[in-house]
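The next block holds one structure in the form of structure tokens; read it before the comments.
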Amino acid sequence: MAKIVLVEDEVAVREMLTDELNVEGHEVIEAVNGREGLDAILEHKPDLVISDRAMAVMSGYTMLEIIRDKHKELDDMPFMFMTALTDPRDKDAVEHLEPNAYIEKPVDFSKLHDLVGQLVRR
Amino acid sequence: MGYRRTIAVGNVDYKTREVFENVVENTHNNVVLADSEGAILYASPAFRNEFDFSMEVGVSYDIFDMVSPDDVGVSREAYDRAVSTGEKVVVTFRVMLGAKDFSYVEAVISNLLDYDSVNCMLISFRNVSAYKNSVIELENYKDHLEELVEQRTQELRESLEKEKLVIEQQKQFISMVSHEFRTPLTIIDGNAQIIVNRGDKLTQEMLQKRSITIRKAVDRLVGLIERVLSDKVLESGDLDVDLSPCNYAAMVRDISIEKLSITPEAKIRLDIARDIPEIWMDEKLVHQVIVNLISNAFKYSCGEAEVKIKLHLKESNILLEVSDKGVGIPLDELNKIFTKYFRASTAAAIPGTGLGLNLVKQIAELHGGEAFIDSEVDMGTTVTFSLPVKLVDEES
């Protein structure tokens, strides 16, 4: 149904989410860090980006920063952060980048599918 | 007595002159009378003594002769000012004593040129070397103090920077540990959800795969908890080494098998010497070391891990060597690798706490042993955990 770029460095988490999203009928393009994620987003222009926060090489934070800064044409692209950092200060740190949604780890799949549905509907 | 004739005391009655002579000759004050140019007309005995000055008949002396060359300008300017303005002028200058030594002298120059009975300049001298030297010493001490203060401030600044670094490290550590805990939980929970929601549609093979994934994540979590707890316990100094006789060879074998059951794609080659005796060690701690080293070897291998484990005796030590063919550690980082929280640059893409190797080293040292490392980037790493052999039949 939707083309999703999934940016996550943990292989087990990544394959699990890809599997789950595939079962719901979505196409998933995987990236292992922010750098690959950026390339994938620019190449595939997905309907939604789901990204981890802390990753080596380039974090999800930096990736979104670059997108908001240098790719205004992607302002409308929905962006979901997965976060294992539940410190509320952490959410504040990303607020200014205007991600569209957060989902906490461990990821509850029914919540995930709801959010995906909402964000992709526009 | 000849110089009595050179005193320009003018027209004065005998009595006054006598009074003057008696007073001045007997005073212990250093007094000099001079003309407006500075030529000495009279010098009191005290002055002659103090400055080792003797006057010969017929020779003219200049008061500036005794002044140190560097101070002649200042003293002459002061003298001329006294002469021209009629004001009392005080000036301090150095007087040479011999070739190198000098004294500080304070001169009070009074203009008595208009006094009919006197008609000369009166200079009264005071040796202020002691005072001057004190001032100089104080100045030096003040400079020294300022230097000391700067030094201490710098030391404090550096201390503060170190503290800030530690706090920052700890903050990062907490953040990373939180992440590290949640990741295996995410894997466990996610796979469990998949089994619950779609279990009936999964093949036996897929179910098995997912179960192994869950077990791996649990193992990872357990390792993490143990590392963090051990680290905290070691930090607080509460840890007591609990020695008991252990079958080291069996431990290494058992843990290797356990690890392989969770990571079936990896390979372990065991090279255990036949003569390994039972030795005294803290079983729980050494268990952790073996688990840590094998986990690391798996984790830092690229793709499917090929690990070699060697257990053998060397002189009076028993050596456990765990080798991988993984990412390796840069040479200039090897000396920091056992530092708490430190992670090699080659490990940046792989999650880790930076605690593992530090624990291995601490546990070795708690037993009176050592830990070593050898590594080459992209070739692999060998960690050696060495314990002194404490045989079970010996008294511990």
Side-chain angles (χ1 to χ4, degrees), chain A residues 6-25 28 31-37 50-62 80-94 102-114 116, chain B residues 171-203 206-207 209-221 224 262-263 265 298-300 302-304 327 343-353:
Chain A
L6 173 66
V7 192
E8 163 64 60
D9 58 347
E10 284 280 343
V11 60
V13 174
R14 200 168 63 236
E15 75 83 34
M16 186 181 82
L17 289 172
T18 299
D19 200 83
E20 188 58 26
L21 291 166
N22 280 335
V23 163
E24 289 294 305
V28 179
V32 311
N33 58 50
R35 167 129 288 133
E36 275 192 26
I50 301 175
S51 173
D52 193 10
R53 269 267 282 133
M55 292 177 285
V57 180
M58 188 192 287
S59 69
Y61 179 90
T62 308
M80 187 194 306
F81 262 135
M82 287 186 297
T83 172
L85 303 160
T86 50
D87 190 336
R89 282 173 297 176
D90 190 55
K91 270 206 186 144
D92 291 340
V94 254
Y102 296 93
I103 189 159
E104 278 172 14
K105 287 181 173 179
V107 176
D108 181 288
F109 289 158
S110 51
K111 207 186 261 180
L112 175 68
H113 294 310
D114 276 344
V116 170
Chain B
K171 256 204 258 181
Q172 276 180 19
F173 175 71
I174 288 170
S175 166
M176 189 263 307
V177 164
S178 155
H179 183 269
E180 283 290 287
F181 271 106
R182 282 180 179 268
T183 303
L185 287 173
T186 305
I187 295 167
I188 294 166
D189 190 45
N191 279 285
Q193 285 180 79
I194 290 174
I195 293 172
V196 162
N197 295 336
R198 300 187 262 125
D200 51 343
K201 299 195 192 69
L202 296 173
T203 66
M206 284 160 98
L207 272 172
K209 187 167 161 275
R210 295 219 167 267
S211 300
I212 290 181
T213 305
I214 291 173
R215 294 206 67 215
K216 257 193 198 153
V218 168
D219 183 64
R220 181 166 157 183
L221 208 43
L224 181 67
I262 300 168
T263 318
E265 67 272 18
F298 283 178
K299 195 162 72 165
Y300 296 113
C302 342
E304 287 164 8
V327 296
R343 301 202 65 229
S345 51
T346 38
I350 301 163
T353 55

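Chain naming here is simple, since letters A, B, ... match the order of the sequence lines and numbering starts at 1 in each.
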For B:Asn191, is it the side chain, the backbone, both, or neither that has a heavy atom closer than 4.5 Å to a heavy atom of chain A? both

Hey, which of A:Asp9, A:Asp19, A:Val32 has the most heavy atom pairs under 4.5 Å with chain B? A:Asp19

Counting heavy atoms not belonging to B:Arg215, are there more than 12 under 6.0 Å from its CZ? no

Between the side chains of A:Ser59 and A:Thr62, is a donor N or O closer than 3.5 angstrom to an acceptor N or O? yes

Per-residue contact mode, A:Glu10 against chain B (heavy atom under 4.5 angstrom): side chain

Does the pair A:Glu104/B:Arg182 count as a salt bridge with the N-to-O cut at 4.0 Å? no

Considering non-hydrogen atoms only, spot the tightest contact between A:Gly34 and A:Val7 and give its length. N-CG1, 4.1 Å

